[in-house]
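Below: one structure, written as structure tokens.
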Amino acid sequence: MLVDEFDVAVIGGGHAGIEAALASARMGAKTVLFTLNADNIGQMSCNPAIGGIAKGIVVREIDALGGEMGKAIDNTGIQFKMLNTRKGKAVQSPRAQADKKRYREYMKKVCEGQENLYIKQDEVIDIVLGSDNEVVAVKTKLGIEYKVKAVVVTTGTFLNGLIYIGDKTFPAGRAWEPRSEGLAEFYRRHGFPLLRFKTGTPARLDSRTIDYSVLERAPGDDPPPKFSFWTEPLGSYWFEPGKEQVDCWITYTTPKTHEIISKNLHRTALYGGLIKGVGPRYCPSIEDKVVKFPDKARHTVFLEPEGLDTIEVYPNGLSTSLPEEIQWELYRSIPGLERVELIRPAYAIEYDVVPPTELYPTLETKKIRGLFHAGNFNGTTGYEEAAGQGIVAGINAALRALGREPIYLRRDESYIGVMIDDLTTKGVLEPYRLFTSRSEFRLYLRQDNAILRLAKLGHGLGLLNDEQFNLVKEIEGEIERWKEFYKREKVSVAVGEGIRSYTVATLFTADYTIEDLKEKFGYSVPEHPYVKEELEIELKYEPYIERERKLNEKLKRLEDIRIPEDMDYSKVHGLTNEAREKLSKMKPLTVGQAARIDGITPAAVTALLIYLGKLE
Ligand code: FAD
């Protein structure tokens, strides 16, 4: 029974679904968000934290595009840190502990208050296609049909989810929540391959039974970094000093912990052979760590509070699929946890994933027009990766529904672009997580300049308003003016026995700071904290960024050469069979993407350029 009509339907109220739905609605598309439980919109399935290496940069990119994750964590975070401060600025990244309940409530409220966005608690079990193989409607479990022009699927760990605790197994999408099933049949019917991936989560501990006196304290930073350019103080990435924060705590596994695991390995769902799905290499279970690193005497465990109004504590680093009775033994073998009580047991979960090579970099499927995928359903792991894909899928679903041209993010402008390009061209053999090392542009793709890199795009899409964009332009202009000034001005510096003259700008490459300019040379310096910080970083990194930029330029030329969607590779002379096969399968949209496909050699790229008439 057809009851209503929307431009865009988003299936899933997780981190991908929220950003997709908000972006779509904010761009003026009438949007419906389906979720299995409306109270759990924005639920953090695993760790109570947002950000981390590379991931924190993604959150700031989402913010620069007008997304919500950064604002949500700034409003509900209880501890904030900048990671990697001993290393260069290029690999630093913010991370925050969240109050899980408040984060979820914040996201639900934002979705409820969003104009053009409608929330429905229901399971979507089918997607109806029109005669042109395009999306025309979605169908729910109760037989209701909604007419739509585009659909974003973000089912996370819910599609055919199966939970494992030792030899016990039961169907669920996440800790005792019902799973979804119907959509798998839709994908099978339309010839999409389905993979099985797995992930796991530790038990939640009762804080009252932890002996904090023997633990190492891990406090937040002061001043703490924030994620959104738009939370107070506006136009900066730092909170004011003195923000109230809570502590995390550090402990370590012991030889006894490792012995318990080794003795019971056969009872874990994975090593016992029950789980067939592929797990995340970079978020391994404690049994994985003990097996893979037998020489390591101890593994670090972070004890992270799940919120301000709860006694639940998340022991980061202790995910396991051992039976519950062994979990008790294992946790109690760790200093500070000798008398610990478990509130919720650890578990592993296996779920369905559609390979992301089925997608264009716009995140639309190659097989069905108007069908977009984002989040864990694409084989990624992590809230931030999910949200980064979600905003791109939501933007493009809205553009599709509104009859406008799609957008895609390039590798040389954002980590979101790096991730989506990796996913759609290389595919996934195991859950994909972002790292700075995945980018060849990491000196430029920093946490501090996300707003400068992406605000123009966000504003062009209508996701940042004029006032916000004008502030960014003003700041950008000020940075440029100071840069020009420092490049013109010359100073004399004692070097060895002599005196040498340098431009002021050059001093930054020799580790002088803005404060040194003022104190040692009497120069005036910017007042605005963001301008000050950014100016120093940009001038310090400029020679290196210049080198990187030249490389970018070369790649951009390839990047911008489009390949027609209906390209017939059998007509391209000089391609090997392997290259022909891979290009036909992957359908890259640009020569730049084609060049990055595993097995596509420079000779194949030359053949493509000749065929497209683009060889200079
Ligand atoms: P989810 O947050 O899972 O949201 C999916 C949404 O889809 C839900 O709202 C659900 O109700 C809805 N839904 C599903 N099917 C339907 C349907 N047919 N109709 C309507 N609604 C539907 N990440 C890490 O980075 N590190 C980890 O160690 C880690 N461990 C994890 C452990 C466990 C046990 C779980 C469950 C997840 C773990 N994650 C981990 C993954 C993390 O939770 C996800 O990366 C993130 O939540 C993905 O966001 P998402 O939006 O793709 O999906």
Side-chain angles (χ1 to χ4, degrees), residues 9-21 32-52 55 69 104 107-108 111 119-127 138-141 151-165 172-187 197-203 279-285 314 316-321 344-353 373-391 393-394 431-434:
V10 174
I11 304 175
H15 308 279
I18 289 171
E19 296 297 345
V32 55
L33 182 149
F34 292 97
T35 179
L36 298 176
N37 183 344
D39 288 331
N40 290 346
I41 288 176
Q43 170 72 2
M44 296 174 149
S45 316
C46 192
N47 58 328
I50 293 287
K55 290 162 171 270
M69 185 173 249
R104 194 176 65 216
M107 280 305 199
K108 186 174 183 222
C111 290
I119 300 168
K120 307 238 171 279
Q121 177 172 298
D122 210 339
E123 181 186 343
V124 174
I125 55 155
D126 203 2
I127 299 168
V138 292
K139 237 187 227 173
T140 70
K141 203 168 183 174
V151 174
V152 184
V153 179
T154 69
T155 51
T157 54
F158 284 73
L159 195 58
N160 282 328
L162 207 51
I163 282 185
Y164 294 89
I165 304 177
R174 166 176 64 200
W176 291 258
E177 283 184 54
R179 68 180 187 179
S180 65
E181 293 170 357
L183 277 179
E185 174 47 32
F186 162 82
Y187 283 103
F197 276 7
K198 77 124 199 163
T199 187
T201 196
R281 179 189 302 260
Y282 305 105
C283 249
S285 61
Y314 178 93
N316 197 337
L318 285 182
S319 99
T320 177
S321 63
R344 310 175 200 226
Y347 66 92
I349 187 165
E350 210 181 24
Y351 52 95
D352 282 350
V353 161
H373 295 171
N376 263 42
F377 187 52
N378 278 342
T380 59
T381 166
Y383 311 137
E384 305 77 4
E385 285 87 344
Q389 296 165 64
I391 195 165
Y432 177 99
R433 180 179 171 180
L434 256 177

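Whatever order the structure lists ligands and atoms in, that order sets their numbers, starting from 1. The first residue of the sequence shown is numbered 1, and numbering continues consecutively from there. A quick note: this is a predicted structure, and the numbers were derived from the prediction, not measured. Computation of the quantities below employed the complete heavy-atom set of this structure, encompassing side-chain atoms and omitting hydrogens, waters and symmetry-equivalent molecules.
- Numbered from 1 in the order shown, with element, the atoms of ligand 1 that lie under 4.0 Å from a heavy atom of Asp122 read 19 (N), 20 (C).
- Residue contact check for ligand 1: Lys55 places a non-hydrogen atom closer than 4.0 Å to it.
- In terms of polar-atom proximity, defined here as any N/O pair under 3.5 Å, Leu183 makes no such contact with ligand 1.
- Per-residue contacts place Ser45 under 4.0 angstrom from the following atoms of ligand 1 (heavy atoms of the residue considered): 35 (C), 36 (C), 37 (C), 43 (O), 47 (O).
- Contact check for Lys55 versus Glu385: side-chain heavy atoms found under the 4.5 Å cut-off.
- The Phe34 neighbourhood of ligand 1 comprises atoms 20 (C), 21 (N), with distances under 4.0 Å to a heavy atom of that residue.
- Between the side chains of Tyr164 and Glu350, at least one donor N or O sits under 3.5 Å from an acceptor N or O.
- The closest heavy-atom contact to atom 16 (C) of ligand 1, among the options Ala374, Ser180, Ala348, comes from Ser180.
- The distance criterion of under 3.5 Å between nitrogen or oxygen atoms is met by Thr199 with respect to ligand 1.
- Considering every non-hydrogen atom in both Val152 and Ala374, the closest pair reads CG1-CB, 4.5 Å.
- Residue Thr154 has at least one N or O atom closer than 3.5 Å to an N or O atom of ligand 1.
- Ligand 1 has a nitrogen or oxygen under 3.5 angstrom from a nitrogen or oxygen of Ala16.
- Take Phe197 and apply the ring pair (Phe, Tyr, Trp, His ring centres under 6.0 Å) test, not counting sequence neighbours, and it matches no residue.
- Inter-residue side-chain proximity for Ser45 and Thr201 is flagged as unmet; no heavy-atom pair is nearer than 4.5 Å.
- A heavy-atom distance below 4.5 Å is not found between the side chains of Ile349 and Lys198.
- Considering backbone and side-chain atoms together, Gly200 places an N or O closer than 3.5 Å to an N or O of ligand 1.
- Compare Pro202, Gly156, Gly182 by their heavy atoms: the one nearest to atom 53 (O) of ligand 1 is in Gly156.
- For the pair Asn37 and ligand 1, the shortest N or O to N or O distance does not fall below 3.5 Å.
- Which parts of ligand 1 touch Tyr347 is read off a 4.0 Å heavy-atom cut-off, strictly below it: atoms 34 (C).
- With no hydrogens or angles considered, a side-chain donor-acceptor pair links Gln389 and Asn378 at under 3.5 Å.
- At least one side-chain heavy atom of Glu177 sits less than 4.5 Å from a side-chain heavy atom of Phe158.
- Residues His15 and Glu384 have side chains not in contact (no heavy-atom distance under 4.5 Å, counting atoms from C-beta outward).
- Between Phe377 and ligand 1, not a single N/O pair is under 3.5 Å apart.
- In terms of polar-atom proximity, Asn47 is not counted as a contact of ligand 1, lacking any N or O under 3.5 Å from an N or O of the ligand.
- Minimum interatomic distance between Ser180 and Thr155 (heavy atoms only, all atoms of both residues): OG-CG2, 4.5 Å.
- For ligand 1, the atoms closer than 4.0 angstrom to any heavy atom of Gly375 are 52 (O).
- Those atoms of ligand 1 that come under 4.0 Å of a heavy atom in Asn376, given as number and element, are 41 (C), 44 (C), 45 (O), 46 (C), 48 (C), 52 (O).
- Listed by number with element, the atoms of ligand 1 under 4.0 Å from a non-hydrogen atom of Tyr383 are 42 (C), 43 (O), 45 (O), 46 (C), 47 (O).
- Between Arg174 and Asn40, some side-chain heavy-atom pair lies under the 4.5 Å cut-off.
- Below 3.5 Å of separation, one finds no N or O of Phe158 facing any N or O of ligand 1.
- The heavy atom nearest to atom 11 (O) of ligand 1, considering only Val138, Leu36, Ile18, is found in Leu36.
- Within the 4.0 Å heavy-atom criterion, both parts of Thr155, backbone and side chain, lie near ligand 1.
- Comparing Thr35, Leu159, Val10 by heavy-atom distance to atom 21 (N) of ligand 1, the nearest is Thr35.
- Considering backbone and side-chain atoms alike, Glu123 places every N or O at 3.5 Å or more from each N or O of ligand 1.
- Contacts classified as salt bridge (Lys or Arg N to Asp or Glu O under 4.0 Å) and involving residues 34-49 (residues at least two apart or in different chains) are given here: Asp39-Lys108.
- Of the candidates Val138, Ile125, Leu159, Leu183 forms a side-chain contact (heavy atoms from CB on, under 4.5 Å) with just one, namely Leu159.
- Between the side chains of Asn316 and Asn47, no donor-acceptor pair of N or O atoms lies under 3.5 Å.
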